[in-house]
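See structure below.
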Amino acid sequence: MALQDSLDKIINPLIKNLIAKKSVTDKDLNDVLNITIQKVVHSINALAITLFSLGKDDRIHFTKVYYSSVLYEGDEELGKAFKEKKEEMEQVTLDKDKGIVGKVISSGKSYFCQDAKCDPNFYSQIDGKTGFETKSMMTVPLKVDDKVIGAIQVLNKFGDEGITHFAEDDLAFLEEVSNYSAKIINKVNFPDTEFSETELASYVAKLTKHTFLDLSTDFEVDKALMNIITPEHYKRYPIFPLKKISGKDLKVVMENPLEYQQIDSWEIATGYKAKEIIVSTKSGIRKVIDDFLNSIGEGQSSGMGDVASAVGEQYAAEHEVEVLDVGDAVNEESAPIIKLANQIIEDAFFKGASDIHVEPFEKEVVIRFRIDGVCQEVLKLPSRSSRALTARFKIMASLNIAEKRLPQDGRIKFKQFTKKNIDIELRVSIAPLIWGEKICMRILDISGSLLGLAQMGYSEHNEKIYKELIKKPYGMILHVGPTGSGKTSTLYAAINEINKPDINIQTAEDPVEFMLKGVNQMQMKREIGLTFSSALRCFLRQDPDVILVGEIRDLETAEIAIEAALTGHLLFSTLHTNDAATTVTRFIEMGIEPFLVSGTVLGVCAQRLLRRLCKKCKKPVDVSREIREKYKVPDDVQFYGAVGCEKCNDTGYKGRIGVHELMTLNDVLRDAINKKSPSEVINKIAIENNMISLFDDGMGKAREGITSLDEVFTRLMEKE
């Protein structure tokens, strides 16, 4: 097994080069020769092997000489002598017509010699040079089409039970090795040598000891078996099941059986095991998969452009984003519109978008995705497509398609509308505008695992303080910031951190975005009077330990929240304020007495999300002396900037990270609050009390190379 693993490490890069149609180097040739020798040695037990090549000088060259360790095992001096003899022999050349090798190269036919001494064609002088007595011998030509380029010769079998002569089966094996090795050896000397795809796949199979399957013959897939893998996995991995072996074990077809990372990813994604691998051509595998997907209505197209092309013809190539035509007869029940609506959602999900915007204008409908906090235009449709597409999304969200004058809110459970393994929900908001109804859909990945506090982006300083806060038995912890700043995700992470069987946690949310195991969650319904304030009143009679209120919007909710915090409950909530200091003054402006605010609030966490620099393409940038001096940044601190590559969709950023301003109350701050001090004073006291401002936390992440200075300066406001 160890030998096969080491061979695989040699073979795999060679196969990747061949599949990618790259040139084969001298190193590749050396690898092929070593692999060929190893395979022969361990299959037919030859004591010596020589690979010959016909050189440009028309002479026979000893390209590779190998002596089995059996000849010198345990004798270090003898082993050294054989090594020197090997190196010496690899410098030897022969006349084209000399000996059995010359005969094989001239005739292009194999030669089987059971007793070399009695064979008139044996060139005995070679034994004199090598000091090796030849007994039995097999020599086979290396041929490319009808051209002989060399030969492989094996000498003296070292077999079990005293067997010392080669058999017909050994000759057949050697001829097989020669057949699939010759062309790759020839490609080094003649780079223009072409492999057909079938030849390449067959060579890969032979080299890796796998079976080759020609899918161009009369081949029929087992559709019932194919259906156990989701269409999305077929699009991602060029692997399909051929036979069920047992349980989760499958016989599968793929191009390169040494692509272990791809196999592991496929097994994790599908839940099945690739127990046995069959090799075939890339185009053959792709055709089988595409034919199957088309037969179930899940064609290979993976972009909205392809789907929308089914709706109509592409036009206006001069636009920077795609613009597509739609037929007049298309409506919300038309197959192309249904497919287009699904594809918009699928593409947004796979691109990591948080929101989808469908925006009607006078002459077009614009589709935009918000990715990493930034809206990106991805598609344009003619204006007459707006009504059908809007109606389709309304149907999916169970909304009134006849109502076009009033705003509507709904929810789409996407797995009800797709065969693909995409378990997401979308919070849908529809607003009537001048040119039609705009749709905004927030993507909620309910299948994804919730992130912990460690993934929220807290600095070590802030994380330690925050973890101490959420362990308090009572009081109020507030998260503030604009929409889309990650408040909900942080609240869920905090709840998960403290969620234990001995704690009763109740939440009032609008909407409930994620289902939390062991947590009692309530969805607000304002149309029937179920508001945050009424939910809070109910909770206080439900024996809670911890309460989460989605948002404190009014005086009534604020008063009940204060009451809950005063009566022995730990309460989490959010407000729409810009920083921590402004939050406490906002409560006072609502009408809450200052002493109630100072007596209940444990801490306020203001937060924003900054885009992470793409790890693959970020590059060091120079920073002016003025900035370094202003922010006291040493010269040895390296900042990085955005570049853009395929991985980050040419934006230079991939993903987002939180920045935080965590204010905890002490006696000095409580005194300032009780005196109704302005937010500027409260902020100054908080910073003196070891609070790190949003801007400074962002600068810290820029220093670490997580984000760029441009992102910090653009999205965070520095307080003078």
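Note: hydrogens, waters and symmetry copies are ignored here, and every other heavy atom, side chains too, is used.
Taking the six-membered ring for Trp, Y234 and F292 have ring centres closer than 6.0 Å.
Q408 is listed as a side-chain neighbour of N400, based on a closest heavy-atom distance under 4.5 Å. Between I706 and L613 the shortest side-chain heavy-atom distance does not fall below 4.5 Å. Residues L478 and M476 form a side-chain contact, since some pair of their non-hydrogen atoms from C-beta on lies under 4.5 Å apart. For the pair L610 and L716, the minimum side-chain heavy-atom distance is below 4.5 Å. Counting heavy atoms from C-beta outward, R411 and L444 have side chains that approach closer than 4.5 Å. Counting only heavy atoms from C-beta outward, the side chains of I229 and W266 approach each other to under 4.5 Å. Taking 4.5 Å as the limit, every side-chain heavy atom of I547 sits out of range of all side-chain heavy atoms of L570. Looking at I424 and I422, their side chains come closer than 4.5 Å, going by heavy atoms from C-beta outward.
Expressed to the nearest 0.5 Å, how far CZ of R553 lies from OG1 of T531 amounts to 9.5 Å. The distance from the CG atom of L453 to the CD1 atom of I470 is 5.0 Å, given to the nearest 0.5 Å. Within the model, atoms CD of E559 and CG of D554 stand 9.0 Å from one another, a figure rounded to the nearest 0.5 Å. Residue S533 holds its OG atom at 5.0 Å from CD1 of I560, rounded to the nearest 0.5 Å. K487 NZ to T574 OG1: the interatomic distance, rounded to the nearest 0.5 Å, is 5.5 Å. Atoms CD and CG, from Q506 and L536 in turn, are 10.5 Å apart once rounded to the nearest 0.5 Å.
Between Y492 and L516, the shortest heavy-atom distance links the atoms CD2-CD1, 3.3 Å. Scanning both residues, T583 and D579, for their nearest heavy atoms gives OG1-O, 3.0 Å. For the pair V365 and S386, the tightest heavy-atom approach, listed with the atom from each and the gap, is CG2-CB, 3.5 Å. Shown here for G481 and H576, the closest heavy-atom pair between the two residues is O-ND1, 3.4 Å. Taking all atoms of both residues into account, the shortest heavy-atom contact from Q376 to T651 is NE2-CG2, 3.8 Å. Closest of all the heavy-atom pairs between G484 and R656 is O-NH1, 3.9 Å.
In this structure, K282 contributes its side chain and P238 its backbone to no donor-acceptor pair below 3.5 Å. N342 places a side-chain N or O within donor-acceptor distance of the main-chain N or O of F417, the cut-off being under 3.5 Å. Side-chain atoms of K618 come within 3.5 Å of backbone atoms of G705 as a donor-acceptor pair (strictly under, hydrogens ignored). E377 places no side-chain N or O within donor-acceptor distance of the main-chain N or O of R368, the cut-off being under 3.5 Å. Without hydrogens or angle criteria, E661 side chain to L694 main chain gives a donor-acceptor distance under 3.5 Å. At least one donor-acceptor pair closer than 3.5 Å links the side chain of S385 to the backbone N or O of P382. In this structure a side-chain-to-backbone donor-acceptor pair under 3.5 Å is present from N499 to K517. Distance alone, capped at 3.5 Å, is enough to place a donor-acceptor pair between the H569 side chain and the A564 backbone. In this structure a side-chain-to-backbone donor-acceptor pair under 3.5 Å is missing from D409 to S429. In this structure a side-chain-to-backbone donor-acceptor pair under 3.5 Å is missing from N683 to A581.
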query = Yes or no on salt bridge (Lys or Arg N to Asp or Glu O under 4.0 Å) for E346 and K351, after CA distance, side-chain angles and deciding distance?
reply = CA-CA 9 Å; E346 290 164 12; K351 288 180 178 179; over 6 Å; no

task = Using the side chain to side chain contact (heavy atoms under 4.5 Å, CB included) rule, take T483 and R442 through it: C-alpha gap first, then chi angles, then the decisive distance, then the call.
result = CA-CA 12 Å; T483 301; R442 169 66 57 89; 4.2 Å; yes

request  = Check the pair L389 / L381 against side chain to side chain contact (heavy atoms under 4.5 Å, CB included), numbers first and verdict last.
outcome  = CA-CA 10 Å; L389 191 58; L381 295 165; 3.9 Å; yes

request  = Given side chain to side chain contact (heavy atoms under 4.5 Å, CB included), test I401 with F393 step by step and report yes or no.
outcome  = CA-CA 9 Å; I401 63 171; F393 284 127; over 6 Å; no

inquiry  = Before you tell me yes or no, could you show the steps for M456 and I657 under side chain to side chain contact (heavy atoms under 4.5 Å, CB included), namely the whole-Å CA-CA distance, both residues' side-chain angles and the distance that decides it to 0.1 Å?
reply    = CA-CA 7 Å; M456 291 295 106; I657 188 169; over 6 Å; no

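Surrounding CD1 of I528 are more than 12 heavy atoms belonging to other residues, nucleotides or ligands, all under 6.0 Å away. For N578, the CG atom counts as loosely surrounded, since its 6.0 Å shell holds 12 or fewer non-hydrogen atoms of other residues, nucleotides or ligands.
Salt bridge status for E359 with K438: present, with a side-chain N to carboxylate O gap under 4.0 Å. With respect to R526 and D510, a salt bridge is recorded, a charged nitrogen being found less than 4.0 Å from a carboxylate O. Salt bridge status for E437 with K394: present, with a side-chain N to carboxylate O gap under 4.0 Å. A salt bridge is absent between E425 and R427; no separation between the charged side-chain nitrogens and carboxylate oxygens falls under 4.0 Å.
In summary, the side chains of E509 and Q521 do present a donor paired with an acceptor at a separation below 3.5 Å, with no hydrogens or angles considered. At a cut-off of 3.5 Å, with distance as the only test, no side-chain donor of T577 or T582 sits close to an acceptor on the other residue. Inspection of the E551 and S573 side chains reveals no N or O donor paired with an N or O acceptor under 3.5 Å.
Residue pairs meeting the side chain to side chain donor-acceptor pair (under 3.5 Å) criterion with at least one partner in residues 697-712, sequence neighbours excluded, are R611-E711, Y653-S708, D697-K701, E711-R715.
By the ring pair (Phe, Tyr, Trp, His ring centres under 6.0 Å) test, Y466 pairs with Y458, H479, sequence neighbours left out.
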